[in-house]
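Reading through the structure tokens given below for one structure.
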Amino acid sequence: MEKPRRAVVVTGFGPFGEHAVNASWIAVQELEKLGLGDDVDLHVYEVPVEYQTVQRLIPALWKKHSPQPAGPWLDVVWYLCDFTYYTSLYQSRGRSAFIHVPPLGKPYSAQQLGRALQAIIEEMLDVLEHSEDKINCQHEH
């Protein structure tokens, strides 16, 4: 039996302050190259480092894709990180994750960060799938 397709949204922040390149966005682009398998529709977005944009964009992404799970991958000012994460948690009813991405080369390369994101998200999807299987099995009895 073929697995149903699942939507996953992964965001990375754009440049901010003196950082012309944001490691989170670079890592997300690497993840996009790697993918998450044939049964996952991966949607990646660069999020500007602006409260108003986050407040508008995150709910819009949830409405558009209904992802399972979603993950803002952040490497910016903590207040905006928290705001983005909690906005996503609220929209997702708890199906979001926060992963802080270190600066590129300190110590990981973009490729290593992309592979790390891939492994983390694949594990999250596996846990979600097994949780849903247990819930469905309990409802059948």
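By convention here, the first residue in the shown sequence is residue 1. It should be emphasised that the depicted structure is a prediction, and the values quoted were computed from it without experimental measurement.
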query: Under 6.0 Å from the CG atom of Asp38, do we count more than 12 heavy atoms belonging to anything else shown?
result: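 12 or below, so no.
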message: Does Tyr108, at its OH atom, have more than 12 non-hydrogen atoms belonging to other residues, nucleotides or ligands within less than 6.0 Å?
response: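 No - once you tally the heavy atoms of other residues, nucleotides and ligands closer than 6.0 Å, there are 12 at most.
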Check whether any side-chain heavy atom of [X] lies under 4.5 Å from a side-chain heavy atom of [Y], and answer yes or no.
X      : Y     : answer
Phe13  : His19 : no
Arg93  : Trp62 : no
Tyr85  : Asp82 : no
Leu117 : Ile99 : yes
Leu113 : Ile26 : no
Arg5   : Val40 : no
Thr84  : Val47 : no
Lys64  : Pro59 : no

message: So which atom in Ala97 and which in Met124 form the shortest heavy-atom distance, rounded to 0.1 Å?
response: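 Here Ala97 and Met124 meet closest at CB-CE, 3.4 Å.
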Considering all heavy atoms, the nearest Pro103-Ala23 contact: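 Nearest heavy atoms, Pro103 then Ala23: CA-CB, 4.0 Å.
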message: Donor-acceptor pair, distance only, cut-off 3.5 Å: does the side chain of Glu30 make one with the backbone of Gln112?
response: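 Here the side-chain-to-backbone pair does not exist.
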Donor-acceptor contact below 3.5 Å, side chain His130 vs main chain Asp126: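 It does hold such a pair.
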message: If only side-chain N and O atoms count, and only distance matters, is there a donor-acceptor pair under 3.5 Å linking Ser96 with Ser92?
response: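 There is such a pair between these side chains.
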field: Arg6 and Asp41 ion-paired at < 4.0 Å
entry: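 No, no charged N to carboxylate O under 4.0 Å.
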